[in-house]
Amino acid sequence: MEIIKVNNLNVSYGNKLILKNLSMPFIKNKITAIIGPSGCGKSTFLTTLNLMLEEYDGKYNGEILFKDKDIKAYDKDEIRKMIGMVFQKPTPFPLSIYKNMTYAPIYYGVRDKQELRNLVESNLKKVGLFEEVSNELNMSAMKLSGGQQQRLSIARALTVEPEVLLLDEPCSALDIKNTAIIEEMLLELSKEYTIIIVTHNLSQAKRISDYVAFVLDGELIEYGHTNEVFYNPQDKRTKEYLDGIYG
């Protein structure tokens, strides 16, 4: 079942065209990895899916459907609640762990203290962080390690109960151990959420994704099941990229 469908998408900053005529689906409760060389438009594509692009003065034409409804028909706050985003660099607020976790729910109207506590605990558990910080919830989130900060950023995105989670290179600044923790977590989260991840790590894409989209110079070159794209690419450019000839 498609939860997001992109049709003939073109994205530009000023007069510069970044993405050209992209069309692809995103399947509910599956992980889709977007791969391609630096500068090919992967991150721009991600920000377009929840209208964050407009905050950077970008524009798009074409169609993005979320649950069969054009995303422009939704209120921006509503679409960003349903399609959450986690950036490459961990982005904890300079507040306590607890206040990081309750910031968005309070913004969206949750006031009951017990409900807020439950949201904090349940979502920290989802990212495997609760046991590590349960006695330090009033500690500044800035004191957490890089891997913990990234897991906190993901947990914070989950507090408003999104249906889709966008991840832009979430492991690029992390060591092997923390990368493995986050990959295992994402596989578990995909049972509840649809995950779209931009990654330069081809081994990571192969390990955790169900579908892969290869983007080159702003164009979608190939899309399909992960094993099909990696082991039987249909386009010569995909094979060259996977073989490390460029990128």
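Just so you know, these numbers use all the heavy atoms, side chains as well, and skip hydrogens, waters and symmetry mates.
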Next item on the list: Report yes if the side chains of L166 and I83 come closer than 4.5 Å at any heavy-atom pair, otherwise no.
Entry: yes
Notebook entry, point to check: Does E131 have any side-chain contact (heavy atoms from CB on, under 4.5 Å) partners at least two apart in sequence or in another chain, and if so, which?
Noted result: none
Next item on the list: Group every Ile, Leu, Val, Met, Phe, Trp and Tyr by side-chain heavy-atom contacts under 4.5 Å, then state whether I3 and V160 land in the same group.
Entry: no
Note to self: For S209 versus T226, what's the shortest heavy-atom pair and its separation?
What the structure shows: OG-OG1, 2.8 Å
Notebook entry, point to check: Relative to Y193, does K126 satisfy both conditions: NZ or CZ under 6.0 angstrom from the six-membered ring centre, and within 45 degrees of the ring's axis?
Noted result: no
Item checked: Within 6.0 Å of CD in E63, more than 12 heavy atoms from elsewhere -> yes
Next item on the list: Please round to the nearest 0.5 Å and tell me the distance separating atom CD1 of I79 and atom CG of D75.
Entry: 9.5 Å
Notebook entry, point to check: Got a donor-acceptor contact below 3.5 angstrom from the R237 side chain to the L216 backbone?
Noted result: no
Notebook entry, point to check: Should K67 and E2 count as an ion pair when the cut-off is N to O under 4.0 Å?
Noted result: no
Notebook entry, point to check: Would the Y103 and F93 ring centres measure less than 6.0 Å apart?
Noted result: yes
Note to self: Within this structure, what is the CD1-SG distance for the pair I182 and C171, rounded to the nearest 0.5 Å?
What the structure shows: 4.5 Å
Item checked: Sub-4.5 Å side-chain heavy-atom contact between T238 and V229 -> yes
Note to self: Do L49 and I196 make a side-chain contact, defined as non-hydrogen atoms from C-beta onward lying under 4.5 Å apart?
What the structure shows: yes
Next item on the list: Answer yes if the side chains of H200 and S38 hold a donor-acceptor pair under 3.5 Å, and no otherwise.
Entry: yes
Item checked: Intermediate values then yes/no, side-chain contact (heavy atoms from CB on, under 4.5 Å), T194 and K30 -> CA-CA 5 Å; T194 302; K30 299 295 182 183; 5.8 Å; no
Margin query: Taking side chain to side chain contact (heavy atoms under 4.5 Å, CB included) as the criterion, tell me which of E55, M52, K81 meets it with K76.
Written below: E55
Check: Minimum heavy-atom separation for G147 to N178, with atom names?
Finding: CA-OD1, 3.5 Å
Check: Roughly how far apart are E136 CD and I97 CD1, rounded to 0.5 Å?
Finding: 6.5 Å
Note to self: Are I27 and L46 connected into the same hydrophobic cluster when the rule is that any two of I, L, V, M, F, W, Y join if their side-chain heavy atoms are below 4.5 Å apart?
What the structure shows: yes
Check: Can Q114 and R117 be counted as having a side-chain donor-acceptor contact under 3.5 angstrom?
Finding: yes
Next item on the list: Please identify each residue that fulfils side-chain hydrogen bond (donor to acceptor under 3.5 Å, both in side chains) with T199, with sequence neighbours left out.
Entry: Q204
Notebook entry, point to check: Between the main-chain N or O of K99 and the side-chain N or O of S96, is there a donor-acceptor pair closer than 3.5 Å?
Noted result: yes
Item checked: Check: V164 and P162 side chains under 4.5 Å, non-hydrogen atoms -> no
Check: Given I35 and L242, is the side-chain contact (heavy atoms from CB on, under 4.5 Å) satisfied, shown in steps?
Finding: CA-CA 10 Å; I35 62 173; L242 296 175; 4.1 Å; yes
Next item on the list: Indicate, with yes or no, if I31 and Y231 share a hydrophobic cluster defined by side-chain heavy-atom contacts under 4.5 Å among Ile, Leu, Val, Met, Phe, Trp and Tyr.
Entry: no
Checklist line | Pair I197-L165, side-chain contact (heavy atoms from CB on, under 4.5 Å): steps then yes or no | finding: CA-CA 8 Å; I197 179 171; L165 195 59; over 6 Å; no
Notebook entry, point to check: Who passes salt bridge (charged side-chain N to carboxylate O under 4.0 Å, His left out) against E188, sequence neighbours left out?
Noted result: K191
Item checked: N8 side-chain N/O to N21 backbone N/O, donor-acceptor pair under 3.5 Å -> no
Note to self: Can you list everything that forms a salt bridge (charged side-chain N to carboxylate O under 4.0 Å, His left out) with E222? Sequence neighbours excluded, please.
What the structure shows: none
Next item on the list: Flag this pair as yes if the NZ/CZ of K69 is under 6.0 angstrom from the six-membered ring centre of Y74 and inside a 45 degree cone about the axis; otherwise no.
Entry: yes
Note to self: Pair N7, L22 - check side-chain contact (heavy atoms from CB on, under 4.5 Å), show working.
What the structure shows: CA-CA 6 Å; N7 297 312; L22 268 68; over 6 Å; no
Next item on the list: Hey, could you give me the CG/CG distance between D217 and L17, rounded to the nearest 0.5 Å?
Entry: 11.5 Å
Check: How about I4 and L65: do any of their side-chain heavy atoms sit closer than 4.5 Å?
Finding: no
Item checked: All side-chain contact (heavy atoms from CB on, under 4.5 Å) counterparts of E228, not counting sequence neighbours -> H225
Item checked: Nearest atoms (heavy-atom pairs only) where I208 meets L187 -> O-CD2, 3.6 Å
Notebook entry, point to check: Under 3.5 Å, is there a donor-acceptor pair linking the side chains of D77 and Y107?
Noted result: yes
Check: What is the minimum heavy-atom distance between I18 and G41, and which atoms define it?
Finding: CG2-CA, 4.1 Å
Next item on the list: Answer whether the closest heavy-atom distance between the side chains of N29 and S190 falls below 4.5 Å.
Entry: no
Checklist line | Heavy-atom pair of closest approach, residues N100 and L95 | finding: ND2-O, 3.3 Å
Notebook entry, point to check: Do NZ/NE/NH1/NH2 and the carboxylate oxygens of K72 and D70 come within less than 4.0 Å?
Noted result: no
Notebook entry, point to check: So do the side chains of Y241 and P37 get within less than 4.5 Å of each other, counting heavy atoms only?
Noted result: yes
Next item on the list: Might you point out which heavy atoms bring L53 and T44 nearest each other, and give the distance in Å?
Entry: CD1-CG2, 4.0 Å
Check: Hey, would you say the F214 and Y223 ring centroids sit under 6.0 Å apart?
Finding: no
Item checked: S43 and D168: side chain donor to acceptor below 3.5 Å -> yes
Checklist line | Residues forming a side-chain hydrogen bond (donor to acceptor under 3.5 Å, both in side chains) with T91, sequence neighbours excluded | finding: R156
Margin query: When you compare the side chain of N123 with that of M101, does any pair of heavy atoms fall below 4.5 Å?
Written below: yes
Note to self: What's the separation between atom CG in L144 and atom CD in Q150, rounded to the nearest 0.5 Å?
What the structure shows: 12.0 Å
Item checked: Approximate separation, where rounding is to 0.5 Å, of D112 CG and I106 CD1 -> 11.0 Å
Margin query: Using modelled atom types and a 3.5 Å cut-off, is there a donor and acceptor pairing between side-chain atoms of Q148 and backbone atoms of S145?
Written below: yes
Check: Donor-acceptor pair, R151 side chain versus G128 backbone, under 3.5 Å?
Finding: yes
